[in-house]
Amino acid sequence: MQKTSSRLLALLSLLQTHRDWSGEDLAERLDITSRTVRRDVDRLRELGYPITTVRGPAGGYRLEAGTHLPPMLFDDDQAVALAVALQTAATGTTVAEDATRALATLRQVMPPRLRHRIDLLRITAVPTVPPPAARDTPRVDAQVLVDLSRAIHAREELRFDYAPGPSTPADDVRRVQPHHLVTWRHRWYLVAWDLHREDWRIFRVDRIRPRTPTGPRFTPRDLPGGSVSTFVISRFRGNDGTTTDWPCRGEVVLRLPAADVAPFAQDGIVEELGSRHCRLILGSWSWTGLAAAIGRFDTDIEVIGPPQLATAFGDLAARYAHAAGARTGPRTDAPPWR
């Protein structure tokens with residue numbers, strides 16, 4: 001028969017699966033008598049766990065939400081996931097201090113094998129303004145996060161198979177010097193120096209499959225921009241990694257109230273000019289992309305500057321006019337059966 005302490009933990013683990021358990025089922029799963037189950041339930045109640053008795057022919061037990069937080073039981077994967085979430089929340093959020101304290105508390109009570117895995121995790125959460133809307137995101141294997149963190153912590157070169165995406169399904173083997181794990185806009189990324197391309201790269205973690213063993217140790221390089229957040233934001237904005245400014249930035253006047261434009265301006269600047277006009281200063285990775293982003297407001301546009309933005313509007317107008325003509329004009333590529 002199990003010792004009382006380990007038996008209580010096993011019983012608590014079963015009750016945490018959010019289902020009703022009959023006394024007979026619990027007794028069978030734990031290889032104890034129904035009387036012992038009743039005594040162990042009473043002990044858990046004394047420790048603060050709100051366990052209610054389920055009425056019915058066979059009777060049973062259910063773990064309910066309580067008025068205070070009792071001790072909790074996590075398996076290894078749950079503990080690692082919780083540590084990852086707390087470390088992410090401890091970077092640049094309003095609950096950063098509380099998350100740091102909670103992570104320290106969790107680490108203190110972990111067994112050495114789990115504490116070692118948690119200590120390897122070094123995660124940078126890159127802030128996004130405004131925060132992105134919740135959406136479905138690719139699943140990332142927790143073991144991959146641990147493997148990448150281990151290589152980063154040990155400063156060892158890493159080889160992995162990388163699937164760039166649906167357009168190029170064939171796996172690409174990469175050899176890199178890993179530097180940081182990053183979360184940004186609901187996705188996980190690895191920032192690394194690509195040894196084949198001799199340049200910094202940002203890889204999506206959900207497409208990484210690490211190979212073993214890892215390579216030789218390396219001396220970390222200085223990351224452009226001075227911080228992980230600056231580098232990541234800069235690269236995703238089409239810049240060189242040293243500044244978070246957009247490569248292309250323009251100013252226009254829109255025939256819309258500022259209140260109608262502001263919710264969709266993202267990190268742009270909106271200034272009210274009157275009840276039906278506003279000034280918008282916005283950035284993008286290209287002049288064409290900037291013109292297209294401004295065009296989606298579906299109103300009259302006055303370009304203040306720079307000249308490259310006006311040119312981009314002209315180029316887009318020509319493309320759209322050509323597309324409209326091709327759609328309404330006679331077709332020269334009609335299929336032979338028509």
Side-chain angles (χ1 to χ4, degrees), residues 88-89 91-96 124-137 180 182-189 191 199-202 204 222-324:
T88 302
T91 306
T93 67
T94 56
V95 294
T124 301
V126 177
T128 303
V129 180
R135 59 179 182 177
D136 293 334
T137 54
H180 292 88
V182 172
T183 61
W184 188 68
R185 300 184 70 88
H186 301 304
R187 294 187 186 274
W188 287 92
Y189 297 94
V191 177
D199 192 13
W200 291 98
R201 290 289 190 269
I202 300 175
R204 278 180 47 172
D222 292 331
L223 193 66
S227 73
V228 185
S229 295
T230 297
F231 175 78
V232 170
I233 294 174
S234 179
R235 279 298 181 92
F236 277 111
R237 289 185 171 180
N239 225 319
D240 61 358
T242 61
T243 175
T244 57
D245 293 337
W246 288 102
C248 303
R249 194 172 182 85
E251 180 179 348
V252 298
V253 172
L254 302 178
R255 193 183 293 271
L256 283 174
D260 293 346
V261 174
F264 307 100
Q266 297 183 353
D267 60 346
I269 299 173
V270 182
E271 178 185 351
E272 184 177 359
L273 299 179
S275 60
R276 298 185 60 81
H277 290 80
C278 69
R279 177 182 286 109
L280 172 65
I281 302 175
L282 195 64
S284 183
W285 61 277
S286 71
W287 294 113
T288 302
L290 179 57
I294 295 173
R296 66 190 173 91
F297 287 101
D298 193 23
T299 188
D300 292 340
I301 302 168
E302 178 188 352
V303 178
I304 305 301
Q308 294 94 323
L309 180 57
T311 301
F313 273 114
D315 293 340
L316 276 182
R319 292 179 188 174
Y320 292 159
H322 177 74

Requested in this report: Apply side chain to side chain contact (heavy atoms under 4.5 Å, CB included) to Arg249 and Ile269, showing your working.
Outcome: CA-CA 11 Å; Arg249 194 172 182 85; Ile269 299 173; 3.9 Å; yes
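- Between Ile294 and Leu254 the shortest side-chain heavy-atom distance falls below 4.5 Å.
- Nearest approach of Pro247 to Gly238, heavy atoms of both residues: CG-O, 3.6 Å.
- Between Tyr189 and Trp184, the ring planes are tilted. Angles from 30° to 60° get that label.
- Among all heavy-atom pairs drawn from Gly295 and Ile301, the shortest one is CA-CD1, 4.2 Å.
- With sequence neighbours excluded, no residue forms a salt bridge (charged side-chain N to carboxylate O under 4.0 Å, His left out) with Asp298.
- Interatomic distance, CZ of Arg237 versus CG of Asp245, reported as 8.0 Å (0.5 Å rounding).
- Residues Ser234 and Gly241 approach most closely at OG-N, 2.8 Å, considering heavy atoms.
- Put simply, the side chain of Trp246 does not reach to within 4.5 Å of the side chain of Leu290, judged on heavy atoms.
- Side chains of Trp287 and Asp315: a donor-acceptor N/O pair is absent below 3.5 angstrom, by distance only.
- If you take CG on Leu280 and CZ on Phe297, they are separated by 5.5 Å, rounding to the nearest 0.5 Å.
- Of all heavy-atom pairs between Leu309 and Gly250, the closest is CD2-CA, 4.0 Å.
- Of the inter-residue distances, the one linking Thr242 atom OG1 with Leu223 atom CG reads 11.0 Å to the nearest 0.5 angstrom.
- Scanning for salt bridge (charged side-chain N to carboxylate O under 4.0 Å, His left out) contacts around Glu271 gives Arg279, with sequence neighbours left out.
- Taking all atoms of both residues into account, the shortest heavy-atom contact from Ala265 to Leu282 is O-CD1, 3.3 Å.
- The pair Asp199-Arg235 meets the salt-bridge criterion, since a charged nitrogen lies less than 4.0 angstrom from a carboxylate oxygen.
- Summarising the geometry, atom CZ belonging to Phe231 is positioned 9.5 Å from atom CG belonging to Asp240; distances are rounded to the nearest 0.5 Å.
- Checked against salt bridge (charged side-chain N to carboxylate O under 4.0 Å, His left out), Arg255 has the following partners two or more places apart in sequence or in another chain: Asp300.
- Not one N or O on the side chain of Thr244 forms a donor-acceptor pair closer than 3.5 Å with the backbone of Thr230.
- Between Cys248 atom SG and Asn239 atom CG the span is 9.0 Å, to the nearest 0.5 Å.
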